[in-house]
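What follows is a set of notes on a single structure, which appears directly below.
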2 protein chains.
Amino acid sequence: MSTIPNRNQPAATRKPREERWSEILTVATELFYQKGYEGTSLQEIAERLGIMKGSLYYYIRSKEDILFVVLNEAHKAGLERMTSAAQVEGTALDRLRAMIIAHIRSIADNVISTAVFLNEMKSLPQESQDKILGGAVNYPKMFEQVLREGMEEGTIRQDLDPKLTATIVLGSLNSTHRWLHPERHGNLRKVQDHFTRILISGLASDGN
Amino acid sequence: MSTIPNRNQPAATRKPREERWSEILTVATELFYQKGYEGTSLQEIAERLGIMKGSLYYYIRSKEDILFVVLNEAHKAGLERMTSAAQVEGTALDRLRAMIIAHIRSIADNVISTAVFLNEMKSLPQESQDKILGGAVNYPKMFEQVLREGMEEGTIRQDLDPKLTATIVLGSLNSTHRWLHPERHGNLRKVQDHFTRILISGLASDGN
DNA sequence: ATTGATACCCACCGTCCGTTTGGTAGATAA
DNA sequence: TTATCTACCAAACGGACGGTGGGTATCAAT
């Protein structure tokens with residue numbers, strides 16, 4: 001009955017729960033970004049953390065748990081930024097401009113988690129997707145709202161369908177995650193500038 | 001030595017090479033669309049075709065072969081359409097408009113293969129990606145080219161960087177694959193209309 | 001000094017994966 | 001009639017997968 005521990009592996013550095021948990025999320029997000037959710041194994045995640053894959057189940061109940069939390073936090077973080085940007089003073093056109101600039105900055109600051117969010121949302125069961133997206137506010141509605149207001153007050157042209165236009169604008173901004181590089185800081189202003197110049201003059205009611 | 005065929009399974013309907021091969025590509029494309037490349041098994045592909053998964057190796061050398069052909073043909077088909085659209089007569093602005101309309105139509109007609117192309121390109125080794133994208137012409141360059149010409153002739157505003165603007169325009173158009181539904185035919189015109197209205201008036205030199 | 005919770009190890013499970021191999025019925029051609 | 005080709009079957013391969021469960025070293029609190 002002698003217990004033979006067979007310690008040929010150095011034990012992992014023991015860490016408090018919160019710290020290790022956020023490490024798991026960070027590492028998983030990076031791997032999901034590089035290889036996709038299905039292409040990433042728990043083995044790989046564990047290896048990068050220096051622990052055994054079985055130890056992950058001290059923190060999770062299934063692989064899907066990790067994806068859910070990653071996507072949920074990415075969505076929450078982005079939506080928070082956008083919400084505060086939508087509250088600047090001025091015309092609806094001013095607010096739209098602020099939202100565009102804020103969203104690009106938000107994506108640039110979180111290219112990886114944004115990409116994972118946009119690419120891997122479909123890997124979750126519908127029920128979990130609804131839980132993430134089903135809050136009181138959401139991206140498309142916010143854009144649709146500000147477009148409607150701008151049309152009423154006359155700063156935004158009225159020959160466009162607000163809902164479709166919101167989809168187009170949001171999609172355009174989101175597509176930047178494919179090529180936006182946050183390390184190139186000077187570039188960010190330029191990108192924001194181009195987007196506002198193109199979209200604002202494309203959406204404003206007159207030649208401004 | 002008696003050969004016991006053990007025919008408890010109905011044999012698959014035997015089909016000529018070309019026909020079966022295009023069936024494989026069609027089925028694989030649909031499955032890659034629904035579950036991603038990594039999430040799709042050869043077993044599933046075979047099941048939909050009514051053959052054994054081992055039989056697939058009469059047509060391929062590896063699973064990756066299927067993805068390569070699917071992506072390559074999707075890319076070729078789209079580029080062909082765009083190329084012919086870029087040759088309409090008129091100003092560069094007219095050509096840009098034609099390219100926008102053509103590309104949206106091209107995506108709408110091939111939502112599935114377009115989505116697979118944009119989502120699963122990264123699942124291929126870099127070498128294979130280069131082989132697909134490395135032709136004489138490519139999407140971003142075509143847009144950059146027409147933008148430059150429009151700036152020279154004065155129909156397109158000159159305070160924009162052609163390369164960055166091309167990236168933005170192309171990304172905007174490509175993002176439609178996430179929500180464009182080809183079955184709704186009346187919708188297509190509306191989408192094309194919105195895109196041209198927004199982008200053209202955002203890019204043109206004057207208030208047109 | 002003892003205890004109880006915490007953070008992790010490690011061997012193992014059943015399943016599914018892409019891939020390989022040997023074989024064969026049916027059409028074609030000589 | 002015989003030989004060859006074509007399109008597929010059937011079974012097995014090793015390995016990787018997500019997941020389980022008993023065990024244990026380390027820690028803070030007593």
Side-chain angles (χ1 to χ4, degrees), chain A residues 1-25 27-28 31-32 35-70 120 123-125 128, chain B residues 1-25 27-28 31-32 35-70 120 123-125 128:
Chain A
M1 297 314 163
S2 65
T3 52
I4 305 166
N6 190 16
R7 278 250 161 283
N8 43 12
Q9 285 279 109
T13 55
R14 209 184 149 89
K15 297 193 178 178
R17 183 153 199 156
E18 291 251 332
E19 186 180 344
R20 185 64 90 190
W21 177 232
S22 78
E23 271 187 7
I24 293 174
L25 295 179
V27 166
L31 284 173
F32 292 166
K35 333 181 77 173
Y37 172 69
E38 301 267 7
T40 301
S41 67
L42 294 176
Q43 177 68 37
E44 267 182 293
I45 297 177
E47 261 168 21
R48 286 224 188 171
L49 295 166
I51 64 176
M52 297 285 107
K53 72 165 177 173
S55 308
L56 287 172
Y57 283 83
Y58 178 68
Y59 299 90
I60 64 175
R61 282 164 308 172
S62 76
K63 187 189 176 188
E64 210 182 89
D65 281 5
I66 303 182
L67 182 62
F68 181 85
V69 176
V70 165
E120 305 297 343
S123 303
L124 279 183
S128 303
Chain B
M1 300 316 165
S2 66
T3 52
I4 305 164
N6 190 19
R7 278 252 162 283
N8 43 11
Q9 285 281 109
T13 55
R14 211 181 147 90
K15 297 192 178 179
R17 182 154 200 153
E18 291 250 333
E19 186 180 342
R20 186 64 91 189
W21 177 231
S22 79
E23 272 187 6
I24 293 175
L25 295 179
V27 166
L31 285 173
F32 292 166
K35 334 182 76 175
Y37 172 67
E38 302 266 5
T40 301
S41 67
L42 294 177
Q43 176 67 40
E44 270 181 290
I45 297 176
E47 260 167 23
R48 288 222 186 172
L49 295 167
I51 63 174
M52 297 284 107
K53 69 169 175 174
S55 307
L56 287 171
Y57 283 82
Y58 177 68
Y59 299 90
I60 62 175
R61 282 164 308 175
S62 76
K63 186 189 176 189
E64 210 182 88
D65 280 5
I66 302 182
L67 182 61
F68 181 86
V69 175
V70 165
E120 305 298 344
S123 303
L124 278 183
S128 303

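Just so we're on the same page: letters track the sequence lines, and every chain starts at 1.
- For B:K15, the side chain to side chain contact (heavy atoms under 4.5 Å, CB included) partners at least two apart in sequence or on another chain are B:T13, B:E19, B:R20, B:E23.
- Straight-line distance from the CG atom of B:L42 to the P atom of D:dA12: 20 Å, rounded to whole Å.
- In terms of heavy atoms, B:L124 sits closest to B:S128 at CD1-CB, 4.0 Å.
- The residue among A:T40 and A:S55 whose nearest nucleotide of DNA chain D lies closer to the 5′ end is A:T40.
- Nucleotide D:dC17 holds its P atom 10 Å from the CD atom of B:E38, rounded to whole Å.
- Taking atom CD1 of A:I60 as the reference point, atom P of C:dC8 lies 13 Å away to the nearest angstrom.
- Of the candidates D:dG19, C:dC10, C:dT19, C:dC10 carries the atom nearest the A:M52 side chain, counting heavy atoms from C-beta on.
- Phosphate proximity of D:dC17 to A:S41: present, with a side-chain N or O under 4.0 Å from OP1 or OP2.
- The side-chain hydrogen bond (donor to acceptor under 3.5 Å, both in side chains) search around A:E38 returns none, not counting sequence neighbours.
- As a whole-Å value, the separation of A:Q43 CD from D:dG18 P is 9 Å.
- Within the structure, salt bridge (charged side-chain N to carboxylate O under 4.0 Å, His left out) pairs that include any residue of residues 54-64 of chain B comprise B:R61-B:D65 (at least two apart or interchain).
- Legend: residues meeting side chain to side chain contact (heavy atoms under 4.5 Å, CB included) with A:V70, ordered by chain and number and at least two apart, are A:L25, A:T29, A:I66, A:V116.
- You'll find a donor-acceptor pair under 3.5 Å spanning the side chain of A:K53 and the base of D:dG19, going by distance alone.
- How far CG of A:L42 is from CD1 of A:I24: 10.0 Å, rounded to the nearest 0.5 Å.
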Short N/O separations, protein against nucleotides 5-7 of chain C, under 3.5 angstrom:
from  : atom 1 : to    : atom 2 : distance (Å)
C:dT6 : O2     : A:R14 : NH1    : 3.4
C:dT6 : O2     : A:R14 : NH2    : 2.2
C:dA7 : OP1    : A:R17 : N      : 2.9
C:dA7 : OP2    : A:Y58 : OH     : 2.7
C:dA7 : O4'    : A:R14 : NH1    : 3.4
C:dA7 : O4'    : A:R14 : NH2    : 3.2
C:dA7 : O3'    : A:K15 : O      : 3.4
C:dA7 : N3     : A:R14 : NH1    : 3.4

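- Distance CD (B:E44) to C1' (C:dG18): 14 Å, rounded to an integer number of Å.
- Here the side chain of A:I51 is nearest to one of C:dC8, C:dG18, D:dG19, namely C:dC8.
- Computed from coordinates, the A:I45 CD1 to D:dC17 C1' distance equals 13 Å when rounded to whole Å.
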Using a 3.5 Å cut-off and no angle test, enumerate the donor-acceptor pairs between side-chain atoms of residues 49-59 of chain A and protein atoms at least two apart in sequence or in another chain.
from  : atom 1 : to    : atom 2 : distance (Å)
A:S55 : OG     : A:M52 : O      : 3.4

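- Atom CD in A:E47 sits about 12 Å away from atom P in D:dG18, given to the nearest Å.
- Remark: P of D:dC17 and OH of A:Y57 are 12 Å apart, rounded to the nearest angstrom.
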